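Following: one structure in C-alpha cells, then a few remarks.
Values in this document were obtained by computation on a predicted structure and should not be read as measured data. Quick note on labels: first sequence line is chain A, next is B, and so on, each numbered from 1. The basis for the numbers below is simple: all heavy atoms, side chains too, and nothing from hydrogens, waters or symmetry mates.
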Amino acid sequence: MIVRNYQAVIGREVKKEILKKEGKNPDFLVACVGGGSNALGLFYAFLKEKVKLVGVEAAGMGIETGRHAASLTAGKIGVLHGSKSYVLQDADGNIQETHSISAGLDYPGVGPEHAFLKESGRAEYVKVTDEEALEAFFLLSKTEGILPALESAHALAHVQKLAPRLRRDQIIIVNLSGRGDKDVQPVAKKLGVPL
Amino acid sequence: MSKIEKVFQKLRDKNQTALIPFIVGGHPSLETSQALIWKMAELGADLIEIGVPNSDPIADGPTIQKAGQRALSQGVSLTKILKMAAELRDFPVPLLIMSYFNPLFLMD
C-alpha cells in the first residue's frame, strides 16, 4: 500500500496530462506487472473512471514450460512476504522457482491489490513471453530511439497486440516503467552478440 | 489441561526448566528423524519441536536453512511430516510442529 501510494503520482500526472492533451480519459492503461507497483501507480487514479486496465505478466519461456513468473495467471492464493495474494507455489505451499528474461518481473508473488482487481474484474491480466518482450524491446529502440526496460517491453508487446484491434480515435497509455540501458548486456548475451 | 500444559506444570512443581530440542523434520531423512525423536525422548527431552522444511526459510539461520534444503531435496513436505508425527501417536513426549504460514494456509 505504501508503495502504491508513492507510485500513484504516476497516474495522477497521467490523468492531468491526458485531459489537457486530449480532453478525455484514455480507453486503455497498460503496464507490466512483477510485484505490481508501477502498474498500480498508473491505475490507481483511474480506478473509478471508465478506463480499461490491463496488467501484463511475464510468461517467460511459456506458461506450459513452468519457466515463467505469471503469478496472477498461473498462481494460487497463498501468503508470501507478508501478504495474502496470488503466489506461484507447489502443492506443499513451497514457493516455485520463477523465470523471466526481465529481473523486475521475475517474482513469484504479486501485490494483493492486483489480486483484488483481478477477482473483482476491474483489471484484466495478460501475459507476454521473453521472445515477445525482446521483439518489443527492439521495435521501440528502432522506431523511437528509446531503449525500454525489458520489464516495460512486456507491456509494449501487449500494446502491439491490442492496438490493431482498436479504432483510430481510441487511446492507449502504456507505462514505460524503466530504461533499457541496464538490459543491453543481458540482451546481447541472449543473442550471442559480443560487446 | 493439554499434554503440553501438563508437562510445564510438572516441571514448575519441581522448579525445573524444560528441555525442548528442535530438529528439522526429514533431515537427513524421515526415518532418521523418527529415530532421533525417539532418542531425544529417551534422553529426557520434555517437548520436541519438529521444523517443517520450507523453500523460503527467511526466519531461520544458515544451519537450519541448509538442513531444510537437504530435506526438501528428498521430497519432504508438511504432509509427510504430519504423517510421520501421526505415526508417533501416544508418544511419551508432546510433539510440536513448527512451520511457516503458507503451507499451513494451503492445507486449510
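At a 4.5 Å heavy-atom cutoff, A:Glu97 makes no contact with chain B through either its backbone or its side chain. Contact of B:Leu104 with chain A is not made at all, since no heavy-atom distance falls under 4.5 Å. Within the 4.5 angstrom heavy-atom criterion, atoms from both the backbone and the side chain of B:Asn54 approach chain A.
The minimum heavy-atom distance between B:Leu106 and A:Ile77, with the atom names listed, is CD1-O, 3.6 Å. The two residues B:Ser55 and A:Asn94 come nearest to each other via the heavy atoms N-OD1, 2.9 Å.
Sparse packing is recorded around NZ of B:Lys10, with 12 or fewer heavy atoms of other residues, nucleotides or ligands lying under 6.0 Å away. The number of heavy-atom neighbours closer than 6.0 Å to CZ of B:Phe91, taken from other residues, nucleotides and ligands shown, is above 12.
Under the 4.5 Å side-chain heavy-atom criterion for ILVMFWY residues, no single connected hydrophobic cluster contains both A:Ile146 and A:Phe137. Both B:Leu78 and B:Ile23 sit in one connected hydrophobic cluster of ILVMFWY residues. Membership requires side-chain heavy atoms under 4.5 Å apart, directly or through other members. Taking hydrophobic clusters as Ile, Leu, Val, Met, Phe, Trp and Tyr residues chained together by side-chain heavy-atom distances below 4.5 Å, A:Leu191 shares a cluster with A:Leu147.
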Should A:Val79 and B:Asn102 be marked as a side-chain contact (heavy atoms from CB on, under 4.5 Å) after you check the CA-CA gap, both sets of side-chain angles, and the distance that decides it?
CA-CA 5 Å; A:Val79 177; B:Asn102 194 47; 4.2 Å; yes

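Put simply, CG on A:Leu80 and CG on B:Asp56 are 6.5 Å apart, with the number rounded to the nearest 0.5 Å.
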